[in-house]
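Here the structure is laid out as structure tokens; the discussion comes afterwards.
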Amino acid sequence: QVQLVESGGGLVQAGGSLRLSCAASGRTFSRYAMGWFRQAPGKEREFVAAISWSGGSTGYADSVKGRFTISRDNAKNTGSLQMNSLKPEDTAVYYCAARTRPVYSSYMRDYDYWGQGTQVTVSS
């Protein structure tokens, strides 16, 4: 069993930066791929970024490529999402997810554990 807790959300002006963190419980987290998803009001949850168990492979949605960076520290059981050059359309609740496989996926259905989410609001 893995429990995930996100933090780091908040209100920021367009062009600003935020760093989201995901704290995981459970010794097996280091063997799992991890992803970040987001859900804006009135929209479906969508893929943002993901990383393999080792951190050696990452993937990004086109909308955030070049602006967001996903990383993880298996020794500390944490994952992060550095978000730069934020835009109002990045406003959403951001969720951390873990997949009980070493390879990441961009599909929600492939993830087994989810955090409660953290709100990110970008003002124009």
Side-chain angles (χ1 to χ4, degrees):
Q1 190 77 7
V2 174
Q3 291 186 327
L4 305 172
V5 179
E6 303 94 337
S7 62
L11 173 64
V12 64
Q13 288 189 332
S17 298
L18 280 175
R19 185 177 181 87
L20 304 184
S21 295
C22 177
S25 65
R27 291 177 293 178
T28 54
F29 176 74
S30 62
R31 301 203 297 265
Y32 296 167
M34 192 191 82
W36 287 92
F37 292 78
R38 67 186 182 186
Q39 187 166 18
K43 295 188 177 181
E44 294 186 351
R45 195 172 298 188
E46 64 176 7
F47 170 73
V48 175
I51 188 167
S52 63
W53 72 277
S54 66
S57 181
T58 58
Y60 297 90
D62 287 343
S63 59
V64 307
K65 204 170 292 183
R67 299 188 297 122
F68 290 11
T69 302
I70 189 172
S71 61
R72 66 188 298 161
D73 185 338
N74 286 339
K76 296 181 179 179
N77 264 15
T78 59
S80 297
L81 184 69
Q82 177 66 41
M83 306 186 296
N84 299 329
S85 301
L86 283 161
K87 305 175 181 180
E89 50 263 45
D90 294 318
T91 294
V93 177
Y94 283 71
Y95 297 89
C96 170
R99 183 186 189 210
T100 56
R101 298 286 180 91
V103 178
Y104 73 80
S105 168
S106 61
Y107 296 100
M108 285 178 51
R109 63 176 181 262
D110 290 335
Y111 287 81
D112 305 285
Y113 300 103
W114 291 83
Q116 293 300 306
T118 185
Q119 176 71 47
V120 171
T121 303
V122 184
S123 64
S124 57

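These numbers were taken from a predicted model, which means no experiment stands behind them.
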request  = Mind checking the CD-CG spacing from Gln13 to Leu11? Nearest 0.5 Å is all I need.
outcome  = 8.0 Å
task = Kindly compute the distance separating NZ (Lys87) from OG (Ser124), expressed to the nearest 0.5 Å.
result = 14.0 Å
remark   = Hits for salt bridge (Lys or Arg N to Asp or Glu O under 4.0 Å) against Glu89, two or more places apart or cross-chain, chain-then-number order -> none
key: Exercise: identify the closest heavy-atom pair between Tyr60 and Thr69   = OH-CA, 3.3 Å
Pairs of donor and acceptor atoms involving the side chains of residues 15-25, under 3.5 Å and at least two apart or interchain, shall be tabulated with distances.
{"from": "Ser17", "atom 1": "OG", "to": "Asn84", "atom 2": "OD1", "distance (Å)": "2.9"}
{"from": "Arg19", "atom 1": "NH1", "to": "Gln82", "atom 2": "OE1", "distance (Å)": "3.1"}
{"from": "Ser25", "atom 1": "OG", "to": "Gln3", "atom 2": "N", "distance (Å)": "3.0"}

message = The criterion is side chain to side chain contact (heavy atoms under 4.5 Å, CB included); which residues satisfy it with Pro102, sequence neighbours excluded?
response = Trp53
ask   = So which residues get pulled into Tyr111's cluster when ILVMFWY side chains under 4.5 Å apart are joined, directly or through others?
value = Phe37, Phe47, Val93, Tyr95, Tyr104, Met108, Trp114
inquiry  = Can a donor-acceptor pair be found, under 3.5 Å and without considering hydrogens, that links the side chain of Glu6 to the backbone of Thr118?
reply    = no
inquiry  = Enumerate the salt bridge (Lys or Arg N to Asp or Glu O under 4.0 Å) contacts for residues 48-67, please, sequence neighbours excluded, ordered by first and then second residue.
reply    = Asp62-Lys65, Arg67-Asp90
key: All pairs passing salt bridge (Lys or Arg N to Asp or Glu O under 4.0 Å) where residues 105-118 contributes a residue, at least two apart   = none
task = With the side chain counted from C-beta on, respond yes when Gln119 and Thr91 share a heavy-atom pair under 4.5 Å apart, and no when they do not.
result = yes
task = Compute both the distance and the angle, then confirm whether Arg72 meets the cation-pi test with Tyr32: under 6.0 Å from the six-membered ring centre, within 45 degrees of the axis.
result = no
task = Quick one: list whatever passes side chain to side chain donor-acceptor pair (under 3.5 Å) with Ser85, sequence neighbours left out.
result = none
request  = List the atom of Tyr113, the atom of Val2, and the distance in Å for their closest heavy-atom pair.
outcome  = CD2-O, 3.3 Å
task = List the atom of Val120, the atom of Gly9, and the distance in Å for their closest heavy-atom pair.
result = CG2-CA, 4.2 Å
task = For the residue pair Met34 and Ile70, establish whether any side-chain heavy-atom pair is separated by less than 4.5 Å.
result = yes
Neighbour count >12 (heavy atoms, 6.0 Å) for atom CD, Gln116 = no
task = Can you tell me which residue pairs pass the salt bridge (Lys or Arg N to Asp or Glu O under 4.0 Å) test with a partner in residues 45-57, sequence neighbours excluded?
result = Arg38-Glu46
key: side chain to side chain donor-acceptor pair (under 3.5 Å) involving Ser106 - partner list, sequence neighbours excluded   = none
